[in-house]
Structure formats: structure tokens, C-alpha cells
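Report on the structure given below.
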Amino acid sequence: MLNIYKTNRIELITEVLAKELLINPPLVTEKLNIPINDYLLAKWMRDQITLKNEISALYEFQTLTTYTEEIIRNLSKNKKLKSWNFESIKWGIIESLEELGEFNESWPLTNWINKFIKNEKVLNREIHSLSEKIAKVFSDYILYRPEILEKWDKTDLSSSKLFTGLNKDKYWQPILFKLIEKNKLNKPICIYMLEIIKNIYTYKNDIENLLPKNIYIIVTDTLSKLQFKFYSKLSEFTNVKIYLLSPGNDLWNRINIKEGPIKLDKVYTKQNLYPENIEGIFGKSIANFEKLIEEIIFNDELEVNIKSPYIDPSINKRFDKSPSLLSQIQKKIVDNNHDKFKINKADESFILRRCGNLLKELEHIKNTILKICSVDNGINYKDIVIASTQYKSIKPYLKYIFNSDVKIPYFLSIENYKEISPIYNFIKLVIESANDKITQNEIHIILSDPIAQEIFNFNDEEKDEIISLII
């Protein structure tokens with residue numbers, strides 16, 4: 001059965017999920033994985049569920065891609081199935097560049113390939129950047145254009161049909177894909193997903209016996225059409241529960257039908273918030289995503305149970321005062337009311353500010369954070385999140401701004417600290433070991449880490465002595 005829970009409060013999703021895990025706990029020998037594509041949100045939810053249920057050892061959060069790969073390995077009976085994530089695709093491209101150069105269709109990349117070979121295949125910044133751009137294209141194909149990769153997979157490398165529908169300057173793409181596929185010795189995950197979708201009834205017994213009885217998925221607008229179709233098909237033989245964080249109900253119709261095309265006025269300030277624009281400004285992406293889900297449900301005639309418990313954000317039991325501008329905006333998105341905004345000049349819940357450049361923007365953010373923490377002692381730096389769509393643009397300036405004068409510690413949610421920080425890697429190793437049963441091998445791994453030896457000042461001989469005393 002496919003169940004979709006739509007709400008505007010992540011706290012409600014967390015509460016429901018916590019109750020679900022109490023009512024339907026995994027078996028003692030089973031570790032339940034819950035997919036969510038946001039690391040910080042996953043960490044917060046895990047902490048909240050642990051506080052509510054007073055237990056955390058039965059479940060872990062992981063990305064939806066990783067979770068799906070594990071399902072594919074179980075259903076395909078291929079435990080050695082290699083991942084087609086961004087990093088593995090990037091290195092697959094680098095390893096296949098020389099062979100790609102043997103094909104005439106590779107002419108758009110000739111300059112890079114020749115340089116790569118001339119430099120004895122030494123990886124430089126230029127080749128690395130090229131590989132990352134191509135890997136991003138292939139990663140998008142896997143999620144959003146799986147039918148293209150399926151066609152390439154089924155077509156022989158020597159066949160002219162491989163290039164059907166492509167411009168000549170793109171002929172190298174299917175060739176490179178075939179080379180990566182040959183070197184990896186397996187297909188990308190999307191092809192296995194399409195196969196399961198088309199032949200779902202042949203997998204009935206495996207789904208019922210090998211997969212969890214309840215699959216929980218937490219999403220915003222990050223679920224692709226392929227992923228939704230895949231899990232909706234699995235729901236025919238197991239319970240799939242999708243928790244959708246949605247700012248309001250019926251957003252797509254409200255944006256595209258009732259009010260027509262949404263436009264931002266040139267002058268747009270806190271005093272100039274037009275009610276008819278709110279949904280389009282804050283809900284367009286999630287509205288398109290929800291419309292996609294509705295169309296799939298209708299076209300595939302899916303049996304689905306949808307519940308939409310939206311909470312009025314203007315009601316706050318903790319404070320007996322008029323609702324803030326931010327909560328009024330949120331309420332407008334939730335229930336499509338036509339109330340005029342009541343704006344208090346001292347209200348700073350929602351501010352639009354124009355800054356001359358990124359440095360001034362970051363300086364303003366830093367000063368605002370310092371002001372917030374100085375006014376309210378109950379708020380710490382870890383309680384504050386900065387969201388931006390310009391990550392690559394602002395990253396070079398973060399250290400300069402946040403480490404000057406009064407330092408503010410910060411953590412980048414999409415940075416892989418494991419690769420760049422040995423201390424972070426060691427801490428992660430300790431935490432992971434603490435979540436599992438401690439074994440002799442895990443103790444040996446921890447004590448063998450150079451960071452552990454540096455922190456606690458012991459050598460290899462002393463390490464062996466410690467291990468012998470523990471055993």
C-alpha cells in the first residue's frame with residue numbers, strides 16, 4: 001500500500017514517524033534504514049526520535065540513492081553491484097578518456113584527451129573539472145532521463161542506432177557511457193529500477209521476503225519521477241510511507257490556474273508583500289513536484305492513501321501575542337486565505353535586504369547572528385542555519401568573514417569532511433563504532449588511526465600491548 005503524508009511541519013512528521021517506529025519496530029536482528037536527502041535534517045530528526053522513543057539503535061538515516069541501491073542489490077541478488085554515484089562516475093570518465101579518444105565521435109573532447117595522454121595521464125585541474133561536468137550530466141541522466149541510458153545500454157557500441165536523437169557534437173556521450181559500463185562490469189541503478197518497474201510481478205516473492213514490511217521515505221521536492229514510480233510499484237507488495245514536507249495544499253492550481261503567471265514587482269519589500277504572489281515566490285518548486293506526483297498517481301491508476309494534516313503556523317501557544325509577518329506568510333501558503341498582512345515595524349521575523357556584494361551580505365549575516373546570540377542566551381551557534389543557492393560563490397569568503405574579529409564556527413552541510421579532515425574522519429569512526437557492538441577488530445582500527453596515536457601519545461608497540469590487555 002502506498003501512503004503519502006503531506007504537512008507543513010517537520011515536527012509533525014517526526015512525531016508520526018516516532019510513533020510508527022514504536023508501533024511497528026524492526027526485528028531484533030534487523031536494522032531499519034530511513035532515506036532522507038538532507039544530512040542536517042536527518043541528524044535533527046534522529047535526535048528528536050531518540051528523545052521521544054528513548055532508543056536509537058534500531059534505525060539509521062541515509063540518502064535515498066544509497067537506500068535504493070541496497071534494495072536493488074537485494075532484488076537483483078547481486079551483492080557486488082557497484083554504485084554509479086557522482087564520484088564513481090567521475091573516476092570512470094577519467095579512466096575511459098584514453099579509450100574514448102580512439103573513436104572519431106570524440107572530436108569535441110580531442111583537445112582535453114590529447115593533453116591528458118601527452119601528460120602521461122596525470123590528472124590536472126582542467127581534466128578534473130571536465131570530468132566533474134560530464135559526471136554531473138550523467139548523474140542527471142540517471143535520475144531524470146533513465147530511458148536514454150536504458151536505450152544506450154541495450155544498443156551495441158558499434159551500432160549507428162546508438163546516436164539516434166543526438167546532435168553530432170553529442171555522439172561521444174553514449175560511447176563514453178558504454179566504456180564506463182564495460183569497465184564497471186554493471187549497469188547504472190536506473191536501468192535495474194526500470195526493469196523492476198516493468199516486471200514487478202516477477203519480483204513479488206523477493207519483495208515480500210527480502211524487503212522491510214514498512215519503507216519510510218522523507219522528502220521535500222527531491223524525489224525524481226523514476227524514484228516515485230519505483231517505490232509506488234514496490235508498494236503493491238509492501239507498505240511504502242512517504243512523508244512529504246509541503247508548505248501548502250493545492251499549490252500548483254493556486255499558482256498556475258487561479259492567479260495566472262506569477263511575477264515579482266520591481267519594488268518588493270517587507271511593506272510591499274502582495275498576497276497573490278506568495279505561493280509563486282515560495283512554493284513553485286514544491287508545487288511542480290506535487291503536480292508530478294498527482295499525474296503519476298492518475299496515469300498509473302495507483303491505489304494511494306493521502307493524508308494532509310496542515311498546521312496553522314500563526315498559532316503559537318508559547319507566546320500570547322499577534323502572529324509575526326513570517327507566520328502570516330506561512331499561513332497564507334497553507335490555507336490560501338485573503339487576509340491582509342498586519343505588519344509591525346518592530347517585526348524582524350521576515351526581512352528582505354539588498355546588499356552591494358557577497359562580502360557585505362555575509363558581514364550582515366554575521367552581525368545578525370552575533371546580535372541574536374547576545375540578545376537570547378538560549379540560542380547557540382548550532383541552532384542557526386544559513387541557506388543559500390550560491391554555495392560555490394560564497395564558499396571562498398566564508399573563512400575570511402566568519403574567522404575575522406569575533407570568530408563564528410560554521411559547518412558546511414554538503415562538504416565531505418571525511419576526505420579533507422583526518423580528525424573529523426577519526427571522530428566519525430569513533431561514533432560509528434559506538435553505535436555498533438564493539439569488537440576486537442574495531443578496537444584495532446581505532447587504535448591504529450594515526451590521529452588516535454597523536455592525541456593519546458602512544459606508539460605501535462604500546463597499541464599492541466593495550467589490545468592484548470583488553471582481549
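On a predicted model such as this, the values are computed, not experimentally measured, just so you know. Index from 1, following the sequence.
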- Check salt bridge (Lys or Arg N to Asp or Glu O under 4.0 Å) between K198 and all other residues, then give those that pass, not counting sequence neighbours. E150
- Less than 6.0 Å separating the ring centroids of F237 and Y201? yes
- What residues, two or more places apart in sequence or in another chain, satisfy side-chain contact (heavy atoms from CB on, under 4.5 Å) together with S393? L358, Q390
- Consider only side-chain N and O atoms of S83 and E69, and report whether a donor and an acceptor are under 3.5 Å apart. yes
- Sequence neighbours left out, what passes side-chain hydrogen bond (donor to acceptor under 3.5 Å, both in side chains) with E295? Give chain and number order. none
- Task: Measure the spacing between CD1 of I446 and CD1 of I451 and express it to the nearest 0.5 Å.
- Result: 14.0 Å
- Taking all atoms of both residues into account, what is the closest heavy-atom pair of A18 and N53, and its distance? O-ND2, 3.0 Å
- Do W84 and F177 have ring centroids that are under 6.0 Å from one another? yes
- Message: Checking K187 now: which residues fulfil side-chain contact (heavy atoms from CB on, under 4.5 Å) with it, not counting sequence neighbours?
- Response: D153, E181, I191, Y192
- Message: What's the separation between atom CD1 in I408 and atom SG in C373, rounded to the nearest 0.5 Å?
- Response: 7.0 Å
- Note on the structure: Taken to the nearest 0.5 Å, the spacing of I94 CD1 from I89 CD1 works out to 12.5 Å
- Message: Can you list everything that forms a salt bridge (Lys or Arg N to Asp or Glu O under 4.0 Å) with E11? Sequence neighbours excluded, please.
- Response: R9
- Using the test salt bridge (Lys or Arg N to Asp or Glu O under 4.0 Å), find all partners of K182 that sit at least two apart in sequence or belong to another chain. E99
- Could I get the full list of salt bridge (Lys or Arg N to Asp or Glu O under 4.0 Å) partners for E303, not counting sequence neighbours? none
- All pairs passing salt bridge (Lys or Arg N to Asp or Glu O under 4.0 Å) where residues 140-149 contributes a residue, at least two apart: K136-D140
- Message: Between E70 and R73 (salt bridge meaning N to carboxylate O under 4.0 Å), is one present in this structure?
- Response: no
- Item | Pairs touching residues 218-247 that satisfy salt bridge (Lys or Arg N to Asp or Glu O under 4.0 Å), sequence neighbours left out | E20-K241, K229-D300, K233-E236
- Residues in side-chain contact (heavy atoms from CB on, under 4.5 Å) with L130, at least two apart? L109, W112, I134
- Query: Parallel, tilted or perpendicular: which fits the ring planes of Y243 and Y5, with parallel below 30° and perpendicular above 60°?
  - Reply: parallel
- Listed by chain and number, what are the side-chain contact (heavy atoms from CB on, under 4.5 Å) partners of T220, not counting sequence neighbours? T222, L245
- Go through the side-chain N and O atoms of Q227 and T68 and say whether any donor and acceptor fall under 3.5 Å apart. no
- Message: According to salt bridge (Lys or Arg N to Asp or Glu O under 4.0 Å), does anything in residues 199-209 pair up with another residue at least two apart or in another chain? List the pairs.
- Response: K77-D206, K204-E208
